[in-house]
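Below is one structure, written out as structure tokens, with a few remarks after it.
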Amino acid sequence: MGYSDQRFDVNLSILFTELPLLERPAAAAATGFTAVELWWPWTETPTPAQAELDALKGALDEAGTQLVGLNFYAGQLPGPDRGALSVPGAESDRFRANIAVAAGFAASVGCRALNALYGNRVDGVDPAAQDALALENLTAAARAADGIGATLLIETLNKPESPLYPLVSAPAAIEVVDRVNEATGLGNAAFLLDLYHLSMNGEDLGQVIKAYAAKTGHVQIADNPGRGAPGTGSLPLEQLLDELAQAGYEGWVGLEYKPGDRPSAESFDWLPAAVRPARRGAAG
């Protein structure tokens with residue numbers, strides 16, 4: 001057990017951001033990784049030109065990297081937004097316009113996990129109305145994901161850094177996962193279990209793993225405090241990943257941490273180079 005038994009991918013929206021987007025897959029590959037994930041790369045638009053989509057696909061293919069996770073359009077992220085799908089008006093419309101685009105791009109590169117960030121609460125809007133809108137949009141997203149054989153991910157964030165985001169506990173996200181699966185009957189909605197966010201919320205990580213590993217479709221890690229690489233904080237990440245494996249989780253572990261005051265390529269010294277490439281049979 002330990003890190004050598006995991007299937008890691010690099011989040012190219014938080015690591016290698018010192019480089020232009022199209023150079024990041026090759027940079028990840030140069031450090032030994034063959035799997036990557038991304039937040040929605042075009043924060044200004046849910047519907048980028050086909051040439052931009054083609055250029056990203058080309059960069060992934062040329063680098064020999066597999067995209068294993070992709071966010072739907074989520075507004076200004078990084079920035080003040082935490083998703084669009086529960087925000088009435090223009091943002092919800094943008095999310096809906098993005099569903100087919102994101103699913104189509106995911107299909108074109110063989111990505112089988114699409115993350116739908118819920119969105120912040122909006123002053124003056126009834127939370128129940130936002131939740132109803134969210135269910136409508138998530139149902140549409142789950143159906144689109146199912147159409148390409150993909151999982152729809154629902155993520156818990158942390159309240160200190162995302163105070164307006166309503167899903168700030170594992171049970172809150174699981175409730176949405178269950179609601180979407182009930183609405184569609186497809187069973188392809190799953191929990192994105194982010195150990196950093198859950199730890200920031202003060203949750204018992206071991207208990208979360210025991211309770212929800214079977215409903216987990218993707219895992220992300222960063223150490224706490226600081227959201228840095230494993231070993232820069234106090235989280236027992238290697239032990240927690242072992243617990244996930246023992247609970248039956250066999251999917252990807254996304255490295256979604258900040259490199260600190262060094263180039264991203266120098267932030268992987270905690271992980272032996274020999275175990276960075278994705279192993280055969282990896283999910284996604």
Side-chain angles (χ1 to χ4, degrees), residues 11-14 17 21 37-57 67 69-108 111 113-148 150-168 172-173 175-177 179-180 183-184 186 188-189 192 194 197 256:
N11 187 301
L12 297 181
S13 297
I14 193 169
T17 57
L21 173 64
E37 62 182 49
L38 280 165
W39 304 341
W40 184 248
W42 299 279
T43 57
E44 300 298 329
T45 179
T47 55
Q50 186 63 44
E52 294 187 66
L53 296 165
D54 291 344
L56 179 55
K57 181 181 186 302
L67 186 69
L70 176 68
N71 283 15
F72 285 105
Y73 170 81
Q76 296 297 310
L77 181 76
D81 300 331
R82 297 293 185 271
L85 62 92
S86 69
V87 180
E91 281 298 272
S92 172
D93 291 344
R94 291 188 185 103
F95 178 82
R96 292 181 191 181
N98 177 245
I99 290 174
V101 178
F105 180 75
S108 76
C111 177
L114 290 160
N115 184 28
L117 285 172
Y118 201 80
N120 289 330
R121 290 304 193 203
V122 179
D123 286 344
V125 179
D126 183 354
Q130 284 197 254
D131 291 340
L133 177 63
L135 182 58
E136 180 182 341
N137 284 335
L138 285 168
T139 297
R143 288 177 175 144
D146 181 70
I148 65 166
T151 298
L152 175 73
L153 300 171
I154 310 295
E155 183 174 9
T156 292
L157 300 182
N158 74 78
K159 193 170 184 64
E161 295 174 329
S162 303
L164 300 178
Y165 191 81
L167 307 184
V168 288
E175 182 179 349
V176 175
V177 167
R179 198 179 301 142
V180 173
T184 65
L186 297 171
N188 70 323
L192 196 166
D194 185 308
H197 288 309
E256 196 187 45

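Position 1 is the first residue of the sequence, and the numbers go up from there.
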Worksheet entry | Spacing of L85 atom CG and L133 atom CG [to the nearest 0.5 Å] | 7.5 Å
Fill in: Sole candidate of I14, N115, L56, N11 that passes side chain to side chain contact (heavy atoms under 4.5 Å, CB included) when paired with L38
L56
Worksheet, complete the sentence: Shortest non-hydrogen pair, I148 vs C111, comes out as CD1-O, 4.1 Å
Worksheet item: Are any of the side-chain heavy atoms of W42 and L53 separated by less than 4.5 Å?
Response: yes
Discussion item. Ignoring hydrogens, what is the shortest heavy-atom contact between L117 and A74? Give both atom names and the distance.
Written reply: CD1-CB, 4.0 Å
Worksheet item: If only atom types and distance count, is the side chain of W40 paired as donor or acceptor with the main-chain N or O of T45 below 3.5 Å?
Response: yes
Response to the item:
Closest non-hydrogen atoms of L114 and A106, given as atom of the first, atom of the second and distance, are CD2-CB, 4.0 Å
Worksheet item: Closest heavy-atom contact between A144 and I99?
Response: CB-CG2, 3.4 Å
Practice prompt. Look at the side chain of N98 and the backbone N and O of P46, then say whether any donor-acceptor pair between them is shorter than 3.5 Å.
Written response: yes
Worksheet entry | Least distance between heavy atoms, V87 atom then G119 atom | CG2-CA, 4.5 Å
Worksheet entry | Interatomic distance, R121 atom CZ to S86 atom OG [nearest 0.5 angstrom] | 6.5 Å
Worksheet item: Passes side-chain contact (heavy atoms from CB on, under 4.5 Å), Y73 versus V101? Steps please.
Response: CA-CA 10 Å; Y73 170 81; V101 178; over 6 Å; no
Fill in: Spacing of E175 atom CD and I154 atom CD1 [to the nearest 0.5 Å]
12.0 Å
Fill in: Donor-acceptor under 3.5 Å (E256 side chain, S13 main chain)
no
Worksheet item: From L157 CG over to L192 CG, what is the distance, rounded to the nearest 0.5 angstrom?
Response: 9.0 Å
Discussion item. For E136, is there an ion pair with R96 - N to carboxylate O distance below 4.0 angstrom?
Written reply: yes
Fill in: Flag, side chain of N120 to backbone of P80, donor-acceptor distance under 3.5 Å
yes
Practice prompt. Under the side chain to side chain donor-acceptor pair (under 3.5 Å) rule, collect the residues that match up with T184, sequence neighbours excluded.
Written response: none
Worksheet item: Okay, side chain of D81, backbone of Q76: is any donor-acceptor separation there less than 3.5 Å?
Response: yes
Worksheet item: Do Q130 and V122 come within less than 4.5 Å of each other through their side chains, counting heavy atoms only?
Response: yes
Practice prompt. Could you check if a side-chain atom of P41 sits within less than 4.5 angstrom of a side-chain atom of L12, using non-hydrogen atoms only?
Written response: no
Worksheet item: Can you tell if the side chain of L77 reaches within under 4.5 Å of the side chain of N71, non-hydrogen atoms only?
Response: yes
Worksheet item: Of all residues at least two apart in sequence or in a different chain, which pass the side chain to side chain donor-acceptor pair (under 3.5 Å) check with Y165?
Response: none
Worksheet entry | Residue pair D194 / N158, side-chain heavy-atom distance below 4.5 Å | no
Worksheet, complete the sentence: Closest non-hydrogen contact found for R82 with S162 is NE-OG, 2.8 Å
Practice prompt. Apply side chain to side chain donor-acceptor pair (under 3.5 Å) to D54 and list each qualifying residue two or more places apart in sequence or on a separate chain.
Written response: Q50
Discussion item. Checking D131 against Y118 for the side-chain hydrogen bond (donor to acceptor under 3.5 Å, both in side chains) test, could you report, in this order, the C-alpha distance in whole Å, the side-chain angles of both residues, the deciding distance, and whether it holds?
Written reply: CA-CA 9 Å; D131 291 340; Y118 201 80; 2.8 Å; yes
Worksheet, complete the sentence: CZ (F72) and CG (L138) are apart, to the nearest 0.5 Å, by 9.0 Å
